[in-house]
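Quick notes on the structure that follows.
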Number of protein chains: 2
Amino acid sequence: MVRHMKKITIIKPKWILTVNEQFDLLTESALIIENDIIKSILPVAKLDTVEGLDDAETVTLENHILMPGLINTHTHAAMSLLRGIADDLPLMEWLNNHIWPAETKWVDRQFIQDGVQLTVAEMIRGGTTCLNDMYFFPDIMAKTCQQMGMRATTGLIVLDFPTIWAQSADEYLHKAMAVIDEVKEYPLISTALAPHAPYTVSNKPLEKIAMYSSELDIQVHMHIHETEFEIDEAVKNTGQRPLERLDQLNLLNPNLMAVHMTSLNEMEMERVAETGVNIVHCPESNLKLASGFCPVDALQKLNINVSLGTDGAASNNDLDMFGEMRTAALLSKGVSGDASSCNAQQSLRMATINGAKSLGLSDQIGSLEPGKKADVIAVDFSQLNTQPVYDPVAQLVYATNSMQVSHVWINGEKKVSDYQLTDIDAVEIIKIAQQWQTWISE
Amino acid sequence: MVRHMKKITIIKPKWILTVNEQFDLLTESALIIENDIIKSILPVAKLDTVEGLDDAETVTLENHILMPGLINTHTHAAMSLLRGIADDLPLMEWLNNHIWPAETKWVDRQFIQDGVQLTVAEMIRGGTTCLNDMYFFPDIMAKTCQQMGMRATTGLIVLDFPTIWAQSADEYLHKAMAVIDEVKEYPLISTALAPHAPYTVSNKPLEKIAMYSSELDIQVHMHIHETEFEIDEAVKNTGQRPLERLDQLNLLNPNLMAVHMTSLNEMEMERVAETGVNIVHCPESNLKLASGFCPVDALQKLNINVSLGTDGAASNNDLDMFGEMRTAALLSKGVSGDASSCNAQQSLRMATINGAKSLGLSDQIGSLEPGKKADVIAVDFSQLNTQPVYDPVAQLVYATNSMQVSHVWINGEKKVSDYQLTDIDAVEIIKIAQQWQTWISE
């Protein structure tokens, strides 16, 4: 009968930041997790009226704020093994002369598994409970995340040219369908079609992707308008800006996660707004590669859904969503010239509920509301850099360090307790990463 | 005889980043501290040829990089008590409607002492070993830093209008001279004249400041060209851009620390270069208040000395120089459109030796070289987010979290050991900060 027992956790923090529609910030409240689900959020004073809590685990967090786990909507997880291999270089030089050669030489099944492990461990430790990936061997990526207890959307990469994963666009698509079938049994894993970029995927596979996305109702995850150079080359080669081409290919719709979008004219912004395209903003990667500035302020004013991603560790170089939230908020003010742009609340939404919407998972994750999956983190404000606390939301965005994440639950499972990973062996994972470094550096 | 004994510490890290002229990165090396001074840096293999090490303390740091302590060249230390009191607002609204009223109501001797304590504790914990301050009661600021073992330059503030510290420009200057005398006995403290800004200090006191700075050879620490608005107003009111006016007042010289400088035309940049003015860049504060972008790339190409500051905690909101280094490097790439701009090495210099130059202290601090004061920090790379390590310098700028600072020595005194403050009571300091919060929130 043990397997049918309910596992109940009662969390009593100082604050609960729900990130619900009203952005309620609660005090004197408790959150109850039953198995994988947030069962209720209620005043502490009413806890003794609730039945069935006798065997519950109670976690009291006196100086902490409880909030939804962070959702990283663009990364290349396995690239953590290439963190710091080439820095201070522009996008195309970085890709052509460093990243792509290294990938050709090193990426294989083991690289993916080991790199994803490093990334997932870093992310969970820092309060990220869901990631959206695009890389090779999406099957291994998915399996590794499921085994580690990490929620993820695995990106079914499509390219025109051959790589270790597939030889032709048709083979990429064929394998994509196989992975969709294979990962159906993994409760923590979703899938997205992931055509790399307009300049690496031709019309025919993109037409198929638009069709599959519509038929299967799955997201399409794609780098779009990352740099002015990309757009200029497209205009030169095709006579069209990439977004216009994607529009003709029926890809502009709420299933599209358009990553980067550093350059958008007014007509394009309106088109994005009216078609319900999601934009994934990667401020630190865009800065590091001097790719341009995503016009976040203008997008938010058009009510376009903007979420956040770190991009891969080779262009960031950490996978810290607290840092990304802060950079997004600061950069939007700087770029728009308006210090009220992308305020703390907006930035927090970008890193949580907007990510869930972008992934098509907002009925399951992204806020602390009864009935949703229990992806929950606690941030300990009892550190010097987060004292005193006038405004917990501003504190999270402008002063919090990711190492203040003290507790993490994913799908109701406790993954971090008192700052320590509960069931992931960081020492072993680092040893493996260092082995890769030795090989790659030789 | 005990008081004449030499105190020797031998530090054996994995790497030593000297930040000397050649930017030497050493391995298999040790650093020896004798009392307050870096005595030598030598190969570990030669340690047994050195005399007098029998009673030395040896600190072995297997996964760590040893580097100069970070130098924060612009802050208002006591403002940590106002962290998060008003966010997402433009500079003048933030100052006029929030910060200045709060300061008028709350700033007194006790506020300064308690706020400086919070700031110094946060800074030391995060690897900052020297700060350059501008605020009221610079005497109490200096005394508090000296007592806590923090190196600091205390800014002798000057304004035209009355505050709790002085009633007239003449009284500010009179008090400045008194503080210079008073703090001469504090070995960790330097002084700088700190006229607040061109728009708050008139010509007469500025002429005196130029004279005192020259006669006493002390630095002048001033907000200059923080926003376009400041410049436009000055042109409207005086017919001159502020920098031109300061030039006529003989303030442009190597003693000047010009803070912010988000707007500079080409002639002004050349003038800054030829006069040897130091520029203090506060990227996170400039972004947060939408003040504009300091043209760091252009300044560096003119060999102008640019150092880094966090500004006060009310406009940042942390005092994390690792975050500031990263933001400076990323933002310069984004603003210049050149991903090779402000590379990791340049960013690290900005946070260390360039800060020392700006403060006129480069013979004493800013690099790990024999004969300099022992302001030394160790960063532990054995965390998930800093593995693997291809390039320790890139790792420090692009991936390191300030909470990875494991050891800090200031003036040869061990202030942080294994992540813990050795002689500062953070719990008590936070309790006092929370008391202020209660008062201020009422």
Side-chain angles (χ1 to χ4, degrees), chain A residues 81 83-85 87-91 94 118 121-122 125-126 284 286-290 292-293 313 316-320 323 326-327 329-331 333-334 336-341 343-344 382 384-391 394-395 398-399 401-403 426 429-430 433-434 436-437 440-441, chain B residues 81 83-85 87-91 94 118 121-122 125-126 284 286-290 292-293 313 316-320 323 326-327 329-331 333-334 336-341 343-344 382 384-391 394-395 398-399 401-403 426 429-430 433-434 436-437 440-441:
Chain A
L81 293 178
R83 188 199 316 271
I85 201 175
D87 295 294
D88 302 317
L89 299 169
L91 177 63
W94 176 77
L118 178 62
E122 177 186 351
R125 175 62 210 86
E284 294 191 3
N286 294 160
L287 286 170
K288 186 148 183 283
L289 300 167
F293 302 113
N316 189 303
N317 294 353
D318 58 32
L319 302 166
D320 178 347
R326 175 157 48 243
T327 302
L330 295 179
L331 188 63
K333 299 171 200 308
S336 68
D338 175 1
S340 68
S341 160
N343 63 30
S382 73
L384 292 155
N385 55 299
T386 42
Q387 288 291 333
V389 187
Y390 294 98
D391 177 350
Q395 209 79 329
Y398 298 119
N401 182 305
S402 60
M403 290 198 183
I429 287 172
I430 287 171
Q434 289 173 338
W436 279 102
Q437 181 199 336
I440 293 171
S441 299
Chain B
L81 292 179
R83 187 199 316 272
I85 200 174
D87 295 294
D88 302 316
L89 298 168
L91 177 63
W94 176 78
L118 178 61
E122 177 186 350
R125 175 60 209 86
E284 294 191 5
N286 294 160
L287 286 170
K288 186 148 185 281
L289 299 168
F293 302 113
N316 188 304
N317 295 350
D318 59 32
L319 302 166
D320 178 347
R326 175 158 46 242
T327 301
L330 295 180
L331 188 63
K333 298 172 201 306
S336 68
D338 175 1
S340 68
S341 159
N343 64 29
S382 72
L384 292 155
N385 55 299
T386 42
Q387 287 291 334
V389 187
Y390 295 97
D391 177 349
Q395 209 78 330
Y398 297 120
N401 182 305
S402 60
M403 289 198 183
I429 287 171
I430 287 171
Q434 289 173 338
W436 279 102
Q437 181 199 336
I440 293 170
S441 299

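So that the names make sense, note that chain A is the first sequence line, chain B the second, and so on, each numbered from 1. Side chains are part of it too, since the values below use all heavy atoms of this structure and drop only hydrogens, waters and symmetry mates. From a predicted model like this one, the values you see are computed outputs, not experimental measurements.
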Of the listed Thr327(B), Ile429(B), Asp318(B), Leu91(B), the one with the largest count of heavy-atom pairs under 4.5 Å with chain A is Asp318(B)
Is it the side chain or the backbone of Ser382(A) that comes within 4.5 Å of chain B heavy atoms, both, or neither? backbone
Counting heavy-atom pairs under 4.5 angstrom with chain B, the leader among Asn401(A), Asp88(A), Asn316(A), Leu287(A) is Asp88(A)
Of the listed Asp391(A), Leu118(A), Asn385(A), the one with the largest count of heavy-atom pairs under 4.5 Å with chain B is Asn385(A)
Considering only heavy atoms and a distance below 4.5 Å, find which of Leu319(A), Leu331(A), Leu81(A) pairs most often with chain B. Leu81(A)
Return the minimal non-hydrogen interatomic distance between Ile85(B) and Tyr390(A), and the atom names on each side. N-CD1, 4.1 Å
Under 4.5 Å from any heavy atom of chain A, what part of Ser340(B) do you find: side chain, backbone, both or neither? both
With rounding to the nearest 0.5 angstrom, report the CD to NZ distance, Glu284(A) to Lys333(B). 12.5 Å
Lys288(A) side chain to Leu330(B) backbone, donor-acceptor under 3.5 Å: no
Please round to the nearest 0.5 Å and tell me the distance separating atom CZ of Phe293(B) and atom CG of Asn286(B). 9.0 Å
Is it the case that the side chain of Arg125(B) and the backbone of Met403(B) share a donor-acceptor pair, with hydrogens and angles ignored and the cut-off at 3.5 Å? yes
Mind listing the closest non-hydrogen atom pair of Ser341(B) and Ser336(B) along with its distance? CB-OG, 3.4 Å
So which residue, Ala399(B), Ala433(B), Pro388(B), ends up with the most heavy-atom pairs under 4.5 Å with chain A? Pro388(B)
Contacting moiety of Gln395(B), where chain A heavy atoms sit under 4.5 Å: side chain
Separation between CD of Gln387(B) and CD of Gln437(A), rounded to the nearest 0.5 Å: 7.0 Å
Structural part of Asp338(B) lying under 4.5 Å from a heavy atom of chain A: backbone
Quick check for you: among Thr386(A), Leu89(A), Asp320(A), which has the greatest number of heavy-atom pairs under 4.5 Å with chain B? Leu89(A)
